[in-house]
Participant: 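The following block contains the structure, expressed as structure tokens.
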Amino acid sequence: MKKVKVNLRPIVSKINLPTVLKTAILPGDSLERLFIATQTGEIFYIGNERLETFLDIGPRILKLGVSGGRYDERGLLGLAFHPEFYYNGLFYLHYSVAGTQGPGALHNSEGVLKSFKPDPCDPETLHLKWINRETHYDHIDTVEEWILQSYVQPQKRRTLLNVRRPFYNHNGVNSLNFSPETGKLIFTNGDGGSGYDPYNLSQDDMEIAGKIIEIDVAKNTPIHDPPAVTRFHELPVPIQATLSIMAKGVRNIPGISFQRTSNGYIKYTGNVGQNLVESIFSFVHYKPLPVTQLVQASIMNSEPVKQRMINFGWRGWEGAFPTSIIRGCTETPTLDEKTIAYYNEAVTLSESRLQPLTSYFHEDPRPDKFGGTALTGVQAYMGNSIPDLTGSVVFTDFTRKEPPGRGVLAYTKVRADFKPNDFSVIETDYHFDSQSAFYVSLGTNLGQSRLYLGVYGSRNVTDLNQGTVFEIVP
């Protein structure tokens, strides 16, 4: 693929970790403005060439840096503006709720376990069940509808979902986006965390975790504060009626992006990998499974009408590869061995899973590639100012394996035959000197003609005011 070089133009600096970058036109305004949501709860916008505060929900967010140490994957994770935001003032938030901190889901005789690794020789580790969910959980995430009215601070209108999460990580990021195809709110959420999806939540249709969910916000339900749940059947029926499952087999996910073509919309998204590979997926056609149909089939003890629900393959598959446990070789420390973690699941899903559009590895000896760590952004680009990227999907990785911490920009394109494609690293003409620069978010404007990059100077959200937002320019 063609080599592309870009510049990074700083827009704002010394902010907390930016999780969402997108634009909107405020009611009564005429300018499309960049909005920046931070993990700690602030939402800013660029107005009159300076940073203005739109909303600060910091007191509503649980204390960060507790469950996972200073590194944390909770906080304000999603912001989406209604397609008619200019007229109705509606917008949507996904965040981790203050006061909901729990002990975590994994326990043994000695107490709480922070991590999990399956053992193919121990069947108990392959069939764990999440029990005592009302007490053994990490926190509660909420998806809420808010409204901006004239001369009044934004106000919460209703809660769409309250979801109890087993672990602190894999909650999704940039997790709320509206579909231009259906007008529905798309909630992209991860498998609940730890590692290797201990309870296989991502493949269980009834589990909320590990799914891409469509929410019909046009349906006004009489329930404005639903109970905190983990499974779809636990939701009140009016809430169930607003939901459909778009995809499953999600590990962790940095949002979804839509690219308009003559034949409809290409959807781009990605699955953050375990230890081996990061994957970008694309698809056009899908048939969502209405949650009411799923629950009714469960009550009747029958299979729901078979839908062509998208399946990314996790936990049996990590992108294009069976999920692996990686161990160093005893006699040759420079080498390692890879053992298939869930062989039977990999076989079962081998035909039904979606193949990635492209993948990049955590270890890659090829000189024109890189060793990555975690996918943090996926965005379609339809602008003309960087012509070599027009019609492509751009993605970001948190940091290269080699120190100091440096994120990576790259791109790929959908082939005419829709077969998997290669990718190319995008070179950036910006010098961070010796400072770390972790690429934590990627955003675009309404017309997908501009790209924005969120960079942080630390791995840890608790190291405050180390964020910079750039525009990616020729």
Side-chain angles (χ1 to χ4, degrees), residues 1-11 18-23 34 36 173-175 177 180 188 252-261 265-273 277-283 319 356-361 364 368-370 372-400 406-415 418 420-430 437-456 468-474:
M1 298 185 72
K2 191 169 184 179
K3 295 293 182 185
V4 178
K5 189 172 185 178
V6 299
N7 289 289
L8 301 180
R9 180 178 68 83
I11 298 175
T19 50
V20 183
L21 307 170
K22 59 182 55 172
T23 64
L34 174 63
I36 303 164
V173 69
N174 187 31
S175 53
N177 292 276
T188 48
N252 201 19
I253 182 169
I256 188 169
S257 180
F258 295 80
Q259 183 182 60
R260 187 165 192 168
T261 69
Y265 286 89
I266 301 175
K267 296 87 176 167
Y268 296 106
T269 190
N271 232 359
V272 180
V277 66
E278 308 292 307
S279 306
I280 291 86
F281 294 88
S282 67
F283 58 96
L357 167 62
T358 198
S359 302
Y360 65 94
F361 300 88
D364 195 328
D368 60 335
K369 305 301 183 186
F370 68 99
T373 53
L375 182 70
T376 55
V378 177
Q379 290 288 349
Y381 176 70
M382 299 300 289
N384 296 315
S385 62
I386 312 174
D388 290 332
L389 292 181
T390 302
S392 68
V393 55
V394 178
F395 55 94
T396 48
D397 185 80
F398 184 64
T399 179
R400 295 175 184 266
R406 285 285 187 279
V408 182
L409 268 174
Y411 81 99
T412 189
K413 294 187 177 184
V414 171
R415 292 166 42 129
F418 284 91
N421 203 357
D422 194 9
F423 72 92
S424 180
V425 174
I426 301 172
E427 295 182 28
T428 57
D429 188 14
Y430 190 87
F438 300 101
Y439 289 9
V440 294
S441 50
L442 183 67
T444 187
N445 63 337
L446 294 174
Q448 298 180 325
S449 60
R450 307 176 88 161
L451 290 168
Y452 304 101
L453 176 67
V455 177
Y456 213 59
T468 302
V469 174
F470 296 88
E471 182 174 3
I472 300 170
V473 296

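Below, each value reflects all heavy atoms present in this structure, side chains not excepted, and no hydrogens, waters or symmetry copies.
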Participant: For Thr23, check side chain to side chain donor-acceptor pair (under 3.5 Å) against everything at least two apart and list the hits.
Facilitator: Glu32
Participant: For Ser175, what residues pass the side chain to side chain donor-acceptor pair (under 3.5 Å) criterion, not counting sequence neighbours?
Facilitator: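 Side chain to side chain donor-acceptor pair (under 3.5 Å) list for Ser175, sorted by chain: His94.
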Participant: According to side-chain contact (heavy atoms from CB on, under 4.5 Å), who are the partners of Asp397, at least two apart in sequence or on a separate chain?
Facilitator: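 Once residues adjacent in sequence are excluded, the partners of Asp397 under the side-chain contact (heavy atoms from CB on, under 4.5 Å) criterion are Glu278, Tyr360, Phe370, Thr373, Val408.
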Participant: Please identify each residue that fulfils ring pair (Phe, Tyr, Trp, His ring centres under 6.0 Å) with Phe398, with sequence neighbours left out.
Facilitator: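 Phe398 satisfies ring pair (Phe, Tyr, Trp, His ring centres under 6.0 Å) with Phe438 once adjacent residues are dropped.
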Participant: Could I get the full list of ring pair (Phe, Tyr, Trp, His ring centres under 6.0 Å) partners for Phe418, not counting sequence neighbours?
Facilitator: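 Here no residue qualifies.
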Participant: Do you know which of Leu409, Val378, Val6 makes side-chain contact (heavy atoms from CB on, under 4.5 Å) with Val394?
Facilitator: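 Only one of Leu409, Val378, Val6 forms a side-chain contact (heavy atoms from CB on, under 4.5 Å) with Val394, namely Leu409.
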Participant: Go through the structure and list residues passing side chain to side chain donor-acceptor pair (under 3.5 Å) with Thr358, not counting sequence neighbours.
Facilitator: none
Participant: Report all side-chain donor-acceptor pairs from residues 446-453 shorter than 3.5 Å, counting only partners two or more places apart or in another chain.
Facilitator:
unit_1: Gln448; atom_1: NE2; unit_2: Phe258; atom_2: O; d: 2.5
unit_1: Ser449; atom_1: OG; unit_2: Asn445; atom_2: ND2; d: 3.0
unit_1: Arg450; atom_1: NE; unit_2: Glu471; atom_2: OE2; d: 2.8
unit_1: Arg450; atom_1: NH2; unit_2: Glu471; atom_2: OE1; d: 3.2
unit_1: Arg450; atom_1: NH2; unit_2: Glu471; atom_2: OE2; d: 3.4

Participant: Under the side-chain contact (heavy atoms from CB on, under 4.5 Å) test, which residues partner Ser282, sequence neighbours left out?
Facilitator: Ile266, Tyr268, Leu357, Val414
Participant: Under 3.5 Å, which donor-acceptor pairs link side chains of residues 382-389 to any protein atom two or more places apart or in another chain?
Facilitator:
unit_1: Ser385; atom_1: OG; unit_2: Tyr381; atom_2: OH; d: 3.1
unit_1: Asp388; atom_1: OD1; unit_2: Lys2; atom_2: NZ; d: 3.2

Participant: Who passes salt bridge (Lys or Arg N to Asp or Glu O under 4.0 Å) against Arg415, sequence neighbours left out?
Facilitator: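 Partners of Arg415 under the salt bridge (Lys or Arg N to Asp or Glu O under 4.0 Å) test: Asp417.
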Participant: Of all residues at least two apart in sequence or in a different chain, which pass the side-chain contact (heavy atoms from CB on, under 4.5 Å) check with Ser441?
Facilitator: Pro18, Leu21
Participant: For Lys369, check salt bridge (Lys or Arg N to Asp or Glu O under 4.0 Å) against everything at least two apart and list the hits.
Facilitator: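 With sequence neighbours excluded, Lys369 shows a salt bridge (Lys or Arg N to Asp or Glu O under 4.0 Å) to Asp422, given in chain and number order.
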